[in-house]
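Down below is the structure, laid out as structure tokens.
Each chain gets a letter, A, B and so on, in the order its sequence line appears, and its residues count up from 1.
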Amino acid sequence: MSDILAGLNDKQLQAVTLPRTSALILAGAGSGKTRVLTTRIAWLIQTGAISPNGVLGVTFTNKAAKEMLTRLSSMLPINTRGMWVGTFHGLCNRFLRAHHREARLPTMFQILDIADQLSVIKRLMKQMNVDDEKYPPKQVQNYINGAKDEGFRASSMDAYDKHSEKLREIFAEYDAQCQREGVADFAELLLRCFETLAREPALRSHYQERFSYILVDEFQDTNRLQYQWLKLLAGSQNAVFAVGDDDQSIYSFRGARVGNMQDFQQDFDVKEVIKLEQNYRSHSNILNAANAIIAQNKNRLGKNLWTAAGDGEPIRLFDAYNDTDEAGFIVDEVKALQKEGVELQEIALLYRSNAQSRILEHALFSAGLPYRVYGGLRFFERSEIKHSLAYLRLVSNPDDDVSLLRVINFPARGIGTRGLEQLQEVARGQNTTLWQAALQQSGKIAGFVALIKILQEQCQGLKLPEMMDVVTSMSGLRAHYQSEKEGEDRIANLDELVNAAVTFVQERDENTLIDFLTFASLEAGEHQADPGRDALQLMTVHAAKGLEFHTVFISGLEEGLCPHEQSMSDANGLEEERRLMYVAVTRARRRLYFSHAQSRMLHGQVRYNIPSRFLDEIPENLLKRLNTKVAQKYPESAWTEPVTRRHETTPTWRIGQNVSHAKFGAGVILAYEGGADARVQVSFRLSGIKWLALEYAKLEVEKRL
DNA sequence: TGGCCGAGACTTTTT
DNA sequence: GTCTCGGCCA
């Protein structure tokens with residue numbers, strides 16, 4: 001009937017044109033998930049089922065939200081600007097700004113990122129005299145965020161001993177402190193929105209009536225709170241269209257709950273589960289490998305990818321002598337691919353952990369190959385940017401203690417630790433913010449107060465980019481960096497911040513300071529600039545999710561790295577590692593390389609790892625082994641045949657690891673010798689130091705608590 | 001106040 | 001191996 005449906009396959013079409021009921025779309029990698037999602041919205045609007053206002057579209061990343069809106073406006077002649085399509089956090093923020101009174105937040109509340117949050121926690125703990133050895137601030141932060149992700153406040157947390165009581169107490173104090181300062185952390189945005197909707201029937205029914213169609217992307221990544229939030233907005237009437245892939249759930253460590261997919265079918269009485277299994281990305285050798293790997297997982301809804309595109313090339317497997325050798329191999333292959341005409345930006349080097357990138361970078365750098373590493377500091381996380389934003393935040397809300405502390409003595413104005421301690425003392429005594437306490441001070445602190453007041457006056461009526469200029473100059477930031485030896489980059493970034501403000505004002509109609517500050521918090525910017533240049537893409541497997549490349553190298557496929565040693569002890573952890581492998585494999589369109597190294601330098605130690613068990617799970621006929629090169633390159637003595645046999649749960653050994661032996665009891669590994677008859681030196685608690693041949697001695701990894 | 005040094009960490013991180 | 005953090009000193 002209309003051309004927006006043209007080219008959809010049967011399953012996609014079925015999903016797009018479902019009647020108004022809740023449905024679960026199991027969308028495999030490369031199955032056209034985003035297309036289905038956006039076409040569904042377009043179809044609903046086009047057929048008159050709903051107006052653009054009645055749609056709620058939720059994603060996890062700004063990128064995905066933007067992509068949906070862009071595609072939508074290319075399909076339909078509508079203005080997408082006012083539509084409620086965005087990230088969980090973005091939409092909740094929008095709600096909280098609109099209903100700040102009901103949500104009990106100040107008009108200009110500001111958003112804390114993880115670093116800001118940590119500094120609040122540290123400060124608070126110092127104030128409360130909590131021992132940070134016993135309660136590492138990072139752990140406290142995880143505790144608080146974990147609780148909020150589950151929908152809990154301090155008051156509903158269990159405490160069964162001194163330790164958990166203390167944590168709960170810090171949690172409560174932390175929330176009180178944020179409330180005083182008028183700031184909200186990421187999890188707070190969601191929780192506060194949820195609580196407000198739950199508490200205010202009028203608001204709730206307003207939104208429930210408005211959003212009769214709710215669409216959710218990456219449903220497998222939702223946490224408990226997000227699930228409850230969706231449930232609340234759906235009420236008993238609205239249709240939730242949940243798109244996700246349980247096999248690509250790789251964020252459980254951040255609170256994602258795959259189980260939400262099962263719960264969803266129950267709670268929303270889902271009659272329609274549609275599987276999108278046709279893959280439009282890869283050749284079938286790649287898909288068959290992915291299918292074979294993921295089939296080993298017991299806990300899944302079940303799905304098998306297929307393609308009409310033919311077998312394609314075999315997957316190339318390289319057995320490296322060590323990590324340098326592995327990197328050298330990749331460099332050689334990349335050069336060959338380059339000669340074949342493959343663009344560098346179409347080639348990805350994936351690894352399990354960031355630490356692995358260094359050696360690859362080194363090899364690429366020596367070979368003169370341009371590359372781009374994802375995952376470093378993002379634009380809005382840079383210190384000079386955070387400093388100037390802190391001034392801006394103070395202009396907008398001087399009660400923001402985090403920002404005040406960040407810049408009260410930066411650039412240095414002679415306000416030392418003692419002065420600050422005194423200030424904090426006063427604030428604590430009066431139960432107010434640092435700013436309120438600072439207003440009563442004289443001397444240097446009064447000077448700072450005056451500066452902020454002047455900035456506030458000067459910014460009155462200015463446009464955003466002009467404000468930036470005023471603030472960075474008058475605060476002395478610019479001058480400070482100009483006098484710094486290595487300050488050029490920082491100055492350039494400050495200029496870039498002004499540019500960002502210009503673009504922000506142009507792209508959206510918003511022009512207010514608070515909108516920009518919110519934008520800066522919720523969208524931390526690109527991981528690295530310079531995307532125009534043709535360069536290899538280096539990133540973790542996590543970062544690669546959602547992307548695709550002509551060629552993919554997956555390196556470090558060794559037990560202990562992938563699966564990671566800290567995840568392989570329990571079944572759930574191992575299954576998630578396998579999903580990670582599945583995600584990695586399905587990134588490749590045409591060519592896929594696996595590599596592993598017999599030894600590699602990790603944490604300053606040489607470690608000898610056996611090949612990843614995931615390699616064993618791939619049918620041999622899909623693989624092409626490329627071992628010959630290494631055998632020639634290295635002398636007989638140094639080269640040992642790749643280990644292919646192995647029992648189910650062979651651990652990898654490293655120095656310092658706790659192990660236990662049937663006869664000798666518990667001990668610690670002192671040294672390790674690799675090779676054909678690998679042996680370890682163990683210091684046993686009761687029986688002293690011994691060398692043990694790994695082939696015979698039954699050593700077991702000591703279980704962690 | 002800044003800089004230097006030693007200790008300890010160190011999986012992944014959409015907002 | 002390399003980065004960050006905290007303590008201590010000039």
Side-chain angles (χ1 to χ4, degrees), chain A residues 58-67 86-93 111-119 122 132-133 136-138 141-142 145 148-149 184-191 217-218 220-223 225-226 248-256 323 350-359 362 374-378 380-381 409-419 484 518-525 527 539-547 556 560-568 573 576-577 579-581 583-584 600-607 654 656:
Chain A
V58 200
T59 64
F60 277 86
T61 65
N62 294 302
K63 202 176 144 200
K66 215 171 172 178
E67 166 92 13
T87 63
F88 279 101
H89 293 85
L91 295 172
C92 286
N93 171 67
I111 299 167
L112 297 181
D113 68 12
I114 0 104
D116 298 335
Q117 184 187 36
L118 190 61
S119 83
K122 280 183 180 165
D132 58 3
E133 301 257 286
K138 277 249 170 65
Q141 184 177 29
N142 286 337
N145 289 336
K148 289 189 181 182
D149 283 346
D185 58 58
F186 286 140
E188 183 70 29
L189 295 175
L190 287 165
L191 185 52
D217 189 20
E218 305 278 18
Q220 77 283 353
D221 288 338
T222 51
N223 63 33
L225 176 57
Q226 286 157 343
Q248 290 190 71
S249 164
I250 55 173
Y251 283 107
S252 71
F253 68 95
R254 288 181 96 263
D323 43 5
L350 307 185
Y351 34 80
R352 174 65 237 268
S353 71
N354 286 305
Q356 289 166 253
S357 77
R358 186 163 296 121
I359 289 196
H362 183 77
Y374 288 77
L377 261 196
R378 309 214 282 187
F380 288 109
E381 290 166 359
N409 197 36
F410 191 93
R413 13 183 109 79
I415 300 171
T417 339
R418 233 174 324 141
E484 222 182 38
T518 302
F519 166 78
S521 305
L522 291 182
E523 193 161 353
H527 264 301
M539 64 190 90
T540 62
V541 178
H542 281 93
K545 191 179 159 209
L547 304 177
L561 264 178
C562 181
H564 197 276
E565 59 184 344
Q566 291 188 26
S567 303
M568 45 202 268
E576 179 142 330
E577 294 292 303
R579 292 194 290 268
L580 216 37
M581 182 73 182
V583 168
R600 92 166 52 236
M601 192 66 133
L602 205 65
H603 308 326
Q605 279 181 8
V606 178
R607 308 204 4 192
R654 71 186 155 77

Quiz item: So which nucleotide from C/dG1, B/dT11, B/dT14 ends up closest to the side chain of A/M601?
Solution: C/dG1
Practice problem: Report which part of the nucleic acid A/G416 touches: base, sugar-phosphate, or nothing (heavy-atom distance under 4.0 Å, all strands). | Solution: sugar-phosphate
Exercise. Side-chain contact test, heavy atoms from C-beta onward, threshold under 4.5 Å: evaluate it for A/N223 versus A/Y251 and give yes or no.
Key: no
Quiz item: In Å and rounded to the nearest 0.5 Å, what is the CG to CG distance from A/N145 to A/D185?
Solution: 5.5 Å
Quiz item: In terms of side-chain heavy atoms of A/A543, which of B/dT13, B/dT11, B/dT14 is nearest?
Solution: B/dT13
Quiz item: What integer distance in Å separates A/R600:CZ from C/dT2:C1'?
Solution: 17 Å
Quiz item: A/N62 has a side chain; which of B/dT15, B/dT11, B/dT12 sits nearest to it?
Solution: B/dT15
Practice problem: Pick base, sugar-phosphate or nothing for A/D113, based on heavy-atom distances below 4.0 Å to the nucleic acid. | Solution: nothing
Quiz prompt | Spacing of A/Y374 atom OH relative to B/dT14 atom P, expressed in whole Å | solution = 13 Å
Self-check item: Polar pair under 3.5 Å, donor/acceptor by atom type, side chain A/R254, base B/dT15
Solution: yes
Quiz item: Between B/dT15, B/dT14, C/dT2, which nucleotide has the shortest distance from any of its atoms to the side chain of A/D221?
Solution: B/dT14
Self-check item: A/H542-A/Y351 aromatic ring centre distance below 6.0 Å
Solution: no
Quiz prompt | Listed nucleotide nearest any side-chain atom of A/H564, set B/dT11, B/dT12, B/dT1 | solution = B/dT11
Exercise. Provide, to the nearest angstrom, the distance between the CD atom belonging to A/Q356 and the C1' atom belonging to B/dT11.
Key: 10 Å
Practice problem: Among the candidates C/dG1, C/dT2, B/dT12, find the nucleotide nearest to the side-chain atoms of A/H603. | Solution: C/dG1
Exercise. Rounded to the nearest angstrom, tell me the gap between atom NE2 in A/H89 and atom P in B/dT15.
Key: 9 Å
Quiz item: Once you round it to whole Å, what is the distance between P of B/dT13 and CD1 of A/I114?
Solution: 12 Å
Quiz prompt | Along DNA chain B (nearest heavy atom to each residue), the more 5'-positioned of A/L522 and A/F253 | solution = A/F253
Quiz prompt | Whole-Å distance separating the CZ atom of A/F410 from the C1' atom of B/dG2 | solution = 12 Å
Quiz item: For the side-chain hydrogen bond (donor to acceptor under 3.5 Å, both in side chains) test, which of A/H564, A/Q566, A/R352 pairs with A/E577?
Solution: A/R352
Exercise. Enter the distance from A/M601:CE to A/R358:CZ here, rounded to the nearest 0.5 Å.
Key: 11.5 Å
Quiz item: Which part of the nucleic acid does A/G414 contact within heavy-atom distance under 4.0 Å: base, sugar-phosphate only, or nothing?
Solution: sugar-phosphate
Quiz item: Does the side chain of A/R378 get closer than 4.0 angstrom to OP1 or OP2 of B/dT13 through an N or O atom?
Solution: no
Self-check item: Nearest-nucleotide comparison on DNA chain B, the residue closer to the 5′ end among A/R413 and A/G604
Solution: A/R413
Quiz item: Taking the side chain of A/S353 as heavy atoms from C-beta outward, which of B/dT15, B/dT12, B/dT13 is closest to it?
Solution: B/dT12
Practice problem: Classify the nucleic acid contact of A/I415 as base, sugar-phosphate or nothing, counting any heavy atom under 4.0 Å across all strands shown. | Solution: sugar-phosphate
Self-check item: Spacing between A/L112 atom CG and B/dT15 atom C1', to the nearest angstrom
Solution: 13 Å
Exercise. Taking atom C1' in both B/dT12 and C/dC5, compute the distance separating them and give it to the nearest angstrom.
Key: 23 Å
Quiz item: Can you check whether A/N354 has a side-chain N or O nearer than 4.0 Å to OP1 or OP2 of B/dT13?
Solution: yes
Quiz prompt | Sugar-phosphate only, base, or nothing, as touched by A/Y251 at under 4.0 Å among non-hydrogen atoms | solution = base
Quiz prompt | Rounded distance [0.5 Å steps], OG in A/S357 versus NE2 in A/H362 | solution = 13.0 Å
Quiz item: Can the ring centroids of A/F60 and A/H89 be said to lie less than 6.0 angstrom from one another?
Solution: no
Quiz item: Which part of the nucleic acid, if any, lies within contact of A/E577, taking any heavy atom under 4.0 Å across all strands shown: a base, the sugar-phosphate backbone alone, or nothing?
Solution: base
Quiz item: Could you state the CD1-C1' distance from A/I250 to B/dT14, rounded to the nearest angstrom?
Solution: 10 Å
Quiz item: Any idea which of B/dT11, B/dT12, B/dT15 is nearest the A/S567 side chain?
Solution: B/dT11
Quiz item: Between B/dT13 and C/dT4, how far is it from one P atom to the other, in whole Å?
Solution: 16 Å
